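The block underneath contains the structure these notes are about, expressed in structure tokens.
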Amino acid sequence: MTGDLLLSWISENGGGTIADFSTRALWLARTEDLTVSDNVGGNWLRDIASLGHGEVDWKQGKWSVAPPVITRLPLADGIAVLVGARRPRLMRAIENAGLYFEQARRPSREGTLPSPTTIMIPYKQARDLENAANDIGVKYVGCAAAGIAGKLQASLPLDPSAPPAYDSPFEQLVGFSPRRWSPASPRDLALPDGLYREHVHGRWRYTLRRDGSWYAAELSRGIFAELARRGSSIIHWQPDYEDCSRAGTLVLDQAVPLPALHSRVLVLCSGFTPRFDSAAKAALYDNVPREIAELVASSLGQTLHVSS
């Protein structure tokens, strides 16, 4: 499959530029007769980072593959997943060790490249995973979703930033879903608080304005900071079944991007990227414990809405 081939390729190469990967991914998609958008490479790398297979530095325009690890899923009845680099020698080590695993995949969305197959490892106790990790030469890291969630900090960016340049295209965020920007003037001394962007060296640069001062903001963090300022909460959690107070589905407006770590926390609750409800225009993250949903929401300045 295309997703597995791409994961094998980035695993062997270790790292590179987003621009180069995007060119190669677009070429591969066309050879496979896949109809995709021009930004398909960047979107695939974003999913790979959420799945724990790699890291993406959007500012530097680079990506790198993550070391392979085994992590257990929360509240998943004894299921763990293998994430990180997936080189052929690792797959041979799994075969030689006689490690039982199952492969599963989720259908890709129209216009996107498929994600790699999820490798799921059943277990009875944590010691089984420790032994399996030793047998195939990787690390066992416990429950990564819970571990990362417990370390999430408030996302409001407070790094001071220089004011926007007077001669750059400059806009203010005025709508979230769909995302809408309105022209503004950096010369206006009465600019209201909000999230702004300016076009610099061919890219958008995002900044928050607070009480006349400017602060650097990555887009997703800036959006959630602005939602918090306006008192708007958009994260919902619904239990998987009636009277279930632990595992459920986290529902998020698909027009609002999550910061990378928050996305990884939610994806590593199931081992799959989110499903999408086209009618509700929402992203659905499966098997998310309520405790983790609360941590993700509070770290983004959100109040979690819990469905009865």
Side-chain angles (χ1 to χ4, degrees), residues 18 22 35-51 56 58 106-113 115 152 155-157 169-184 192-199 203-209 216-238 248-267 269-270 272-286 288 292-293 296-307:
I18 296 173
S22 296
T35 302
V36 296
S37 59
D38 290 340
N39 62 347
V40 66
N43 290 339
W44 190 85
L45 286 174
R46 182 177 287 109
D47 285 346
I48 284 300
S50 296
L51 287 162
V56 183
W58 299 103
R106 175 166 285 171
S108 57
R109 298 176 67 198
E110 183 178 354
T112 66
L113 286 169
S115 296
L152 292 176
S155 299
L156 180 61
F170 184 66
E171 298 175 335
Q172 180 184 8
L173 179 69
V174 294
F176 296 96
S177 183
R179 198 178 309 155
R180 292 183 294 109
W181 300 84
S182 177
D193 287 352
L195 177 63
Y196 294 83
R197 67 178 186 178
E198 62 174 326
H199 208 248
R203 300 179 63 182
W204 287 107
R205 171 178 174 266
Y206 301 92
T207 52
L208 281 169
R209 183 173 174 84
E218 182 266 333
L219 175 60
S220 58
R221 292 180 179 271
I223 288 177
F224 276 102
E226 185 62 4
L227 285 167
R229 185 184 71 85
R230 300 186 185 190
S232 299
S233 293
I234 61 167
I235 300 179
H236 302 257
W237 182 86
Q238 54 192 38
T249 301
L250 186 138
V251 183
L252 175 69
D253 189 318
Q254 69 181 44
V256 180
L258 281 170
L261 272 183
H262 297 72
S263 177
R264 181 173 296 177
V265 165
L266 299 178
V267 168
C269 287
S270 67
F272 295 97
T273 53
R275 297 177 288 119
F276 289 90
D277 184 330
S278 57
K281 296 183 179 179
L284 311 177
Y285 294 85
D286 294 321
V288 179
I292 288 180
V296 168
S298 63
S299 70
L300 293 170
Q302 294 276 295
T303 298
L304 184 69
H305 294 289
V306 177
S307 301

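FYI, the numbering just counts along the sequence from 1. Since this is a predicted model, take the numbers as computed values, not measurements.
- Checking side-chain atoms of Trp181 against main-chain N and O of Gly175 turns up no donor-acceptor pair under 3.5 Å.
- Looking at heavy atoms from C-beta onward, Leu208 lies out of side-chain contact with Arg221 at the 4.5 angstrom threshold.
- Atom OG of Ser278 sits about 10.5 Å away from atom CD of Glu110, to the nearest 0.5 Å.
- Not counting sequence neighbours, the partners of Arg205 by the salt bridge (Lys or Arg N to Asp or Glu O under 4.0 Å) test are Glu198.
- Separating the CG atom in Asn43 from the CG atom in Leu113 is a distance of 9.0 Å, to the nearest 0.5 Å.
- Closest non-hydrogen pair, Gln254 versus Phe276, comes out as OE1-CD2, 3.5 Å.
- For Ala260, there are no side chain to side chain contact (heavy atoms under 4.5 Å, CB included) partners two or more places apart in sequence or in a different chain.
- Judged by distance alone, the side chain of Ser233 and the main-chain N or O of Thr303 form a donor-acceptor pair under 3.5 Å.
- Judged as a side chain to side chain contact (heavy atoms under 4.5 Å, CB included), and not counting sequence neighbours, the contacts of Ala297 are Ile235, Gln302, Leu304.
- When the side chain to side chain donor-acceptor pair (under 3.5 Å) test is applied to Arg209, no partner is found at least two apart in sequence or on another chain.
- What you find for Leu152 and His262 is that their closest heavy atoms are CD1-CD2, 3.7 Å.
- Residues passing the side chain to side chain donor-acceptor pair (under 3.5 Å) test with Ser50, sequence neighbours excluded: Ser263.
- The side-chain heavy atoms of Ile234 and Phe176, taken from C-beta on, include no pair separated by under 4.5 Å.
- The CZ atom of Arg46 sits 9.0 Å away from atom CD1 of Ile18, with the distance rounded to the nearest 0.5 Å.
- Interatomic distance, Leu250 CG to Ser270 OG, rounded to the nearest 0.5 Å: 11.5 Å.
- The distance from the CG atom of Leu258 to the CD1 atom of Ile223 is 10.0 Å, given to the nearest 0.5 Å.
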Point to revise | Worked check of side chain to side chain contact (heavy atoms under 4.5 Å, CB included) between Trp204 and Leu219 | key: CA-CA 9 Å; Trp204 287 107; Leu219 175 60; over 6 Å; no
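- Here the straight-line distance linking atom OG of Ser232 with atom CG of Leu227 works out to 5.5 Å at 0.5 Å rounding.
- Considering only residues two or more places apart in sequence or on other chains, Arg106 meets the side chain to side chain donor-acceptor pair (under 3.5 Å) condition with Asp286.
- When side chains are defined from C-beta on, Arg180 does not count as touching Leu173, because their heavy atoms never get closer than 4.5 Å.
- Inter-residue side-chain proximity for Pro257 and Arg179 is flagged as met; some heavy-atom pair is nearer than 4.5 Å.
- Nearest approach of Ala217 to Gly222, heavy atoms of both residues: CB-CA, 4.0 Å.
- Using a 4.5 Å heavy-atom cutoff, the side chains of Leu195 and Gln172 are not in contact.
- Using a 4.5 Å heavy-atom cutoff, the side chains of Tyr285 and Val251 are not in contact.
- In this structure the side chain of Ser115 reaches within 4.5 angstrom of the side chain of Thr273, judged on heavy atoms.
- No hydrogens or angles considered: a donor-acceptor pair under 3.5 Å links the side chains of Ser177 and Asp253.
- Of the possible polar contacts, none joining the Asn39 side chain to the Gly42 backbone as a donor-acceptor pair under 3.5 Å is found.
- Under the ring pair (Phe, Tyr, Trp, His ring centres under 6.0 Å) criterion, Tyr196 pairs with Phe170, Trp214, sequence neighbours left out.
- In this structure Trp58 satisfies the ring pair (Phe, Tyr, Trp, His ring centres under 6.0 Å) test with no other residue, sequence neighbours excluded.
- Ser220 is linked by a side chain to side chain donor-acceptor pair (under 3.5 Å) to Glu218, counting only residues two or more places apart in sequence or in another chain.
- When the ring pair (Phe, Tyr, Trp, His ring centres under 6.0 Å) test is applied to Phe272, no partner is found at least two apart in sequence or on another chain.
- Sorted by first and then second residue, the salt bridge (charged side-chain N to carboxylate O under 4.0 Å, His left out) pairs with a member in residues 225-237 read Arg210-Glu226, Glu226-Arg229, Glu226-Arg230; sequence neighbours excluded.
- Ile292 places none of its side-chain heavy atoms less than 4.5 Å from the side chain of Trp237.
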